[in-house]
Amino acid sequence: MINNNPIGLFDSGIGGTSIWSAIHRLLPNESTIYLADSKNAPYGQKSKEEIVALSCKNVELLLEQNCKLIVVACNTATTNAIKELREKYNIPFIGIEPAIKPAALHSKTHTIGILATKGTLNSALFNKSLAQYQNIKFVEQVGYGLVQLIENGDIDSPEMNDLLQTYLQPMIAANIDYLVLGCSHYPYLIPQIKKILPPGIQIIDSGEAVARQTQYILQQNVGFNTASALFHTFYTNSNPKVLKEILNGSYDVIEKDF
Ligand code: DGL
C-alpha cells in the first residue's frame with residue numbers, strides 16, 4: 001500500500017524527539033512533521049481536561065498538514081487523552097506508555113522502578129496496566145522538575161544530578177533490577193542515570209516498541225511512502241535553540257505560534 005503523506009508526531013516539548021529518532025531509524029523513507037508544544041510544557045502537572053484540549057489542538061495542526069498517522073510521542077498525553085483522540089478524529093493514533101511489560105517479564109528481583117510524570121502515574125490507563133502484574137513490586141517516582149530542566153537545555157547540570165540522585169537512590173535501596181523511563185523526555189538523561197545506577201540495573205524506554213508499532217500500522221492500514229522527496233519538519237512554539245541542539249543542528253526548526 002502506498003501513502004506519501006507524512007507521519008505526524010507531537011509532544012509537550014522536545015522529549016518526543018527520542019521517539020522521532022527511533023521511528024526515523026526504523027522507517028528512514030518516511031517524511032515526518034514534529035510539533036514541540038514547549039510553550040505548554042510540562043503537561044505532567046496539568047489536569048486531564050487540559051491535556052485533552054492541548055492534544056486536540058496539536059492533532060488539528062497535524063491534520064491540516066495532511067498527516068497519515070499521528071504518534072502521540074508523550075506518555076502523559078497518551079495515558080490521559082488517547083481514548084478521546086481516537087473517538088474524535090478519524091485517523092490512526094499510536095500512543096506511548098511506560099514499557100512495564102518487558103520489565104515485568106524479565107525482572108528477577110520482581111521489583112521495578114518507574115520514573116514518569118504525575119499525570120502518567122495517576123492516569124487510569126497506566127494503573128490498569130499495572131494491575132496486570134500482581135507479582136511485581138513497582139517503585140513509582142514522579143520526576144518533578146526533570147522536564148523543565150531538559151526544556152531549558154540543562155541536561156548535564158548539577159541540579160539535574162541532584163534531582164536524579166533523590167529519585168533513584170530509594171529505587172536502588174528497594175532492589176530494583178529494571179528502571180522504566182515513562183516519559184519521552186527521559187531517554188536524554190540515560191548517560192546521567194547510568195552514572196548513578198549500579199551496573200546490573202537495566203534501563204528501558206518505549207522508543208523502539210513505538211517505532212515497530214508504527215511500522216506495523218503503516219503496513220496493515222495506512223501505506224508506506226514511495227516518493228523520493230522526503231522531508232522532516234520540526235515546529236516549536238517556544239525556545240527553538242534547544243530543539244535545534246537536541247537535533248544536533250541537522251534539521252531546520254520552524255518557530256510557529258500554536
Ligand atoms: N514528554 C512527556 C511524557 O512523555 C511529557 C512531559 C511533560 O510535559 O510533563 O510524559
Side-chain angles (χ1 to χ4, degrees), residues 8-23 34-59 62 70-85 93-100 103 113-127 129-130 140-155 160 163-164 167 179-190 193 203-211 213-214 234-239 242-243 246-247 258:
L9 302 95
F10 76 87
D11 179 39
S12 61
I14 62 175
T17 56
S18 65
I19 308 297
W20 177 87
S21 299
I23 289 177
Y34 181 93
L35 295 188
D37 191 12
S38 293
K39 190 174 78 183
N40 294 302
Y43 281 11
Q45 308 290 93
K46 296 188 193 301
S47 69
K48 179 180 167 69
E49 290 68 33
E50 284 173 302
I51 297 167
V52 170
L54 290 168
S55 299
C56 289
K57 160 190 77 81
N58 296 332
V59 164
L62 290 169
I70 293 179
V71 179
V72 182
C74 174
N75 293 261
T76 312
T78 300
T79 51
N80 285 277
I82 200 150
K83 186 169 164 278
E84 287 76 1
L85 295 177
F93 285 97
I94 310 275
I96 153 173
E97 286 181 66
I100 48 180
I114 305 179
L115 192 60
T117 68
K118 187 174 160 203
T120 294
L121 295 179
N122 286 348
S123 67
L125 190 61
F126 171 74
N127 284 290
S129 304
L130 271 197
E140 297 176 27
Q141 174 63 55
V142 174
Y144 291 112
L146 300 179
V147 167
Q148 289 93 324
L149 285 175
I150 296 168
E151 287 291 319
N152 292 338
D154 291 329
I155 290 179
M160 180 66 87
L163 286 181
L164 289 173
Y167 301 156
L179 171 65
V180 175
L181 301 181
C183 170
S184 57
H185 281 71
Y186 299 167
Y188 289 112
L189 304 178
I190 288 176
I193 291 175
I203 304 170
I204 301 201
D205 67 70
S206 316
E208 281 171 19
V210 171
Q213 179 66 6
T214 305
F234 291 84
Y235 291 106
T236 179
N237 50 18
S238 172
N239 207 351
V242 179
L243 180 55
I246 215 124
L247 296 168
F258 60 90

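For ligands, and for the atoms within them, numbers begin at 1 and follow the listed sequence.
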Engineer: So, Asn80 versus Tyr43: side-chain donor-acceptor pair below 3.5 Å or not?
Structural biologist: no
Engineer: Kindly give the heavy-atom pair with the smallest separation between Ile82 and Ile94, and that separation in Å.
Structural biologist: CD1-C, 4.1 Å
Engineer: Go through ligand 1 atom by atom and flag the ones less than 4.0 Å from a non-hydrogen atom of Asp11.
Structural biologist: 1 (N), 2 (C)
Engineer: What is the closest protein heavy atom to atom 1 (N) of ligand 1, and at what distance does it sit?
Structural biologist: His185 ND1, 2.7 Å
Engineer: Side chain or backbone, does Thr120 bring an N or O within less than 3.5 Å of an N or O on ligand 1?
Structural biologist: no
Engineer: Mark the output for Cys74 as yes if a heavy-atom distance to ligand 1 is under 4.0 Å, and as no if none is.
Structural biologist: yes
Engineer: Tell me whether Ser12 has any N or O atom under 3.5 angstrom from an N or O of ligand 1.
Structural biologist: yes
Engineer: Would you name the heavy atoms of Ile150 and His185 that are closest together and state the gap between them?
Structural biologist: CD1-O, 3.5 Å
Engineer: Provide the number and element of each atom of ligand 1 under 4.0 Å from a heavy atom of Gly44.
Structural biologist: 7 (C), 8 (O), 9 (O)
Engineer: Is Leu189 close to Leu115 at the side-chain level, that is, under 4.5 Å between some pair of heavy atoms?
Structural biologist: no
Engineer: Taking everything shown except Lys48 itself, do over 12 heavy atoms lie less than 6.0 Å from its NZ?
Structural biologist: yes
Engineer: Which atom names give the shortest non-hydrogen contact between Val72 and Ala77, and what distance separates them?
Structural biologist: CG1-CB, 3.6 Å
Engineer: Which heavy atom of the protein is the closest neighbour of atom 7 (C) of ligand 1, given with residue, atom name and distance?
Structural biologist: Tyr43 N, 3.3 Å
Engineer: Could you pull out the closest heavy-atom pair between Thr117 and Tyr186, with the gap in Å?
Structural biologist: N-OH, 4.1 Å
Engineer: Considering the heavy atoms of Thr117, write down every atom of ligand 1 situated less than 4.0 Å from one of them.
Structural biologist: 6 (C), 9 (O), 10 (O)
Engineer: Which of the atoms of ligand 1 are close to Thr76, meaning less than 4.0 Å from one of its heavy atoms?
Structural biologist: 3 (C), 5 (C), 10 (O)
